[in-house]
Number of protein chains: 2
Amino acid sequence: MFSIGELAKRTKVKVPTIRYYEEMGLLAEAERTSGNQRRYDKVGLERLSFIRHARDLGFSIEAISSLIELQDHPDRSCEAATDIATSQLEEVRAKIKRLRTLEKELSRISKGCDGGGLTEDCYVLASLADHNLCDREH
Amino acid sequence: MFSIGELAKRTKVKVPTIRYYEEMGLLAEAERTSGNQRRYDKVGLERLSFIRHARDLGFSIEAISSLIELQDHPDRSCEAATDIATSQLEEVRAKIKRLRTLEKELSRISKGCDGGGLTEDCYVLASLADHNLCDREH
DNA sequence: TGTAATGTCTCTAGTGACTAGAGGTTCAAG
DNA sequence: CTTGAACCTCTAGTCACTAGAGACATTACA
């Protein structure tokens with residue numbers, strides 16, 4: 001059994017975040033010492049590692065809730081789990097696509113001005129002011 | 001002179017968002033009718049278009065504030081403006097990079113399970129539980 | 001056993017960029 | 001002059017935390 005600080009160190013999740021996850025129902029309420037401090041064991045460590053990993057991959061708290069719910073019922077079909085992962089993947093792909101467009105536009109805008117002139121003639125500012133100066137939709 | 005609703009329609013920025021921008025100091029306080037309603041002119045329209053465009057490109061409110069500050073001083077060097085745009089570009093590139101890593105990992109995880117089995121044996125859940133099943137750092 | 005340092009507790013409030021809703025007022029059309 | 005849409009301010013909620021206050025618990029060492 002170890003303290004919340006120890007759990008934090010091992011999972012690299014900050015202490016207040018652990019308490020937050022508990023409040024959100026992602027982590028079961030921890031056992032307490034006589035002095036009301038939380039104590040964790042291997043199970044708690046594994047669950048938090050799961051959460052941490054899923055958050056790193058961009059899953060929302062809500063999605064993680066669902067995944068944990070599924071984990072707790074090993075007899076169910078895992079279709080829902082793959083669905084969640086797939087839709088997360090789609091979201092990531094959509095974000096990448098959008099960011100690529102932004103990258104092109106920003107790169108074009110940045111290149112248009114070397115910063116050596118006055119704001120009066122700055123291509124960056126002009127581009128932002130006038131959408132017509134853009135290459136494509138965004 | 002036109003109303004906030006009209007401005008919203010022309011710029012495709014929602015009415016409460018316009019009021020929020022005013023509160024944040026991005027937009028100057030609008031003139032008011034005798035009945036206390038906001039009225040805008042061409043200048044207001046142009047400034048809001050600028051903001052909208054910059055937000056679309058992912059600039060933060062703070063960055064936009066700085067850009068507007070620069071816009072208001074046409075006699076200054078535009079170095080700061082290009083700096084802001086460049087750092088925005090760098091941020092976008094960093095995000096893309098990270099998302100690409102996530103994409104690969106998620107795609108690998110998703111492919112590992114067709115959703116036809118039980119959660120007990122689900123590769124998606126196993127991958128999330130155990131970081132060691134991952135291909136690379138993320 | 002005493003004490004000091006560090007860790008932990010709960011609670012509230014703040015972040016960014018809005019969005020939603022309540023309850024009231026003003027405007028424009030007919 | 002009435003009706004109904006648009007407008008006003010204010011508060012609170014979103015997401016996933018983060019920061020800080022003030023009090024209590026635990027641990028290490030003398």
Side-chain angles (χ1 to χ4, degrees), chain A residues 1-27 29-41 44 47-48 50-68 84 87-88 91-92 95 98 102, chain B residues 1-27 29-41 44 47-48 50-68 84 87-88 91-92 95 98 102:
Chain A
M1 301 290 279
F2 40 86
S3 72
I4 196 168
E6 181 63 26
L7 181 65
K9 218 180 284 174
R10 293 203 206 176
T11 55
K12 280 159 202 157
V13 175
K14 286 178 190 157
V15 169
T17 306
I18 297 174
R19 291 198 273 251
Y20 169 77
Y21 287 161
E22 184 182 304
E23 200 173 82
M24 292 299 101
L26 287 191
L27 286 171
E29 287 189 25
E31 281 180 55
R32 302 285 182 131
T33 63
S34 57
N36 199 35
Q37 298 196 355
R38 291 169 180 83
R39 284 300 112 106
Y40 298 89
D41 58 8
R47 173 145 293 185
L48 184 53
F50 178 96
I51 295 168
R52 165 87 217 256
H53 194 185
R55 284 293 303 136
D56 278 352
L57 287 166
F59 288 86
S60 70
I61 296 286
E62 209 195 329
I64 296 171
S65 262
S66 309
L67 290 170
I68 284 174
I84 291 169
S87 90
Q88 176 62 19
E91 264 175 53
V92 167
K95 273 187 199 159
R98 169 156 169 75
L102 294 192
Chain B
M1 300 291 279
F2 41 85
S3 71
I4 196 169
E6 182 62 26
L7 180 64
K9 219 181 283 176
R10 293 204 207 175
T11 55
K12 279 160 202 157
V13 174
K14 287 180 190 152
V15 169
T17 306
I18 298 173
R19 290 197 275 250
Y20 169 77
Y21 287 160
E22 184 182 304
E23 200 174 81
M24 293 299 101
L26 288 192
L27 287 171
E29 288 190 25
E31 282 180 54
R32 302 283 183 134
T33 62
S34 57
N36 199 35
Q37 298 196 357
R38 290 171 180 81
R39 284 301 111 107
Y40 298 89
D41 59 8
R47 173 143 293 185
L48 184 53
F50 178 95
I51 295 168
R52 164 87 217 255
H53 194 185
R55 285 293 302 134
D56 278 352
L57 287 166
F59 288 87
S60 70
I61 297 285
E62 209 195 330
I64 296 172
S65 262
S66 309
L67 290 170
I68 284 174
I84 291 169
S87 90
Q88 175 63 18
E91 265 175 51
V92 167
K95 273 187 200 160
R98 170 154 171 75
L102 294 192

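Letters A, B, ... mirror the listed sequences (proteins, then strands); counts begin at 1.
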Nucleotide D/dT26, atom C1' - distance to CE of A/M1 in whole Å: 15 Å

Any A/S3 side-chain N or O less than 4.0 Å from OP1/OP2 of C/dT8: yes

Nearest-nucleotide pick for A/S34, side chain only, options being D/dC7, D/dT26, D/dA16: D/dT26

Between C/dT10 (C1') and A/E22 (CD): distance, integer Å: 12 Å

B/E6 CD - C/dT26 P separation (whole Å): 22 Å

Separation of C/dC27 C1' from B/F2 CZ (nearest whole Å): 17 Å

Residues B/E6 and B/R10 bridged, charged N to O under 4.0 Å: yes

Candidates D/dC8, D/dT18, C/dT10 - which lies nearest the side chain of A/R38: C/dT10

Integer-rounded Å distance: C/dG7 P and A/R19 CZ: 13 Å

Minimum-distance nucleotide (side-chain atoms of B/R55 versus C/dT10, D/dC7, C/dA17): C/dA17

Separation of atom CE in A/M24 from atom P in D/dG13, rounded to whole Å: 13 Å

From CA spacing to verdict: side-chain contact (heavy atoms from CB on, under 4.5 Å), A/S3, A/R38: CA-CA 6 Å; A/S3 72; A/R38 291 169 180 83; over 6 Å; no

Most 5' of A/Y20 and A/N36 on DNA chain D, judged by nearest nucleotide: A/Y20

Shortest non-hydrogen contact between B/R98 and A/D56, atoms and distance: NH2-O, 2.7 Å

Touch class at under 4.0 angstrom, heavy-atom based, for B/Y21 against every strand present: sugar-phosphate

Toward the 5' end of DNA chain C, by each residue's nearest nucleotide, A/R39 or B/T17: A/R39

OP1 or OP2 of D/dT9 under 4.0 Å from side-chain N/O of B/R32: yes

Between C1' of C/dA17 and CZ of B/R52, the distance in whole Å: 14 Å

Interatomic distance, B/L26 atom CG to B/T17 atom OG1 [nearest 0.5 angstrom]: 11.5 Å

Donor-acceptor contact present, side-chain A/Q88 to main-chain A/G58, <3.5 Å: yes

Nearest-neighbour nucleotide for the B/Q37 side chain, D/dC8, C/dT8, D/dA16 considered: D/dC8

Short side-chain N/O contact to D/dC17 OP1/OP2 from A/K14, under 4.0 Å: no

Any B/T33 side-chain nitrogen or oxygen under 4.0 Å from OP1 or OP2 of C/dT26: no

Rounded distance (Å) that lies between atom P of C/dA17 and atom CG of B/L27: 15 Å

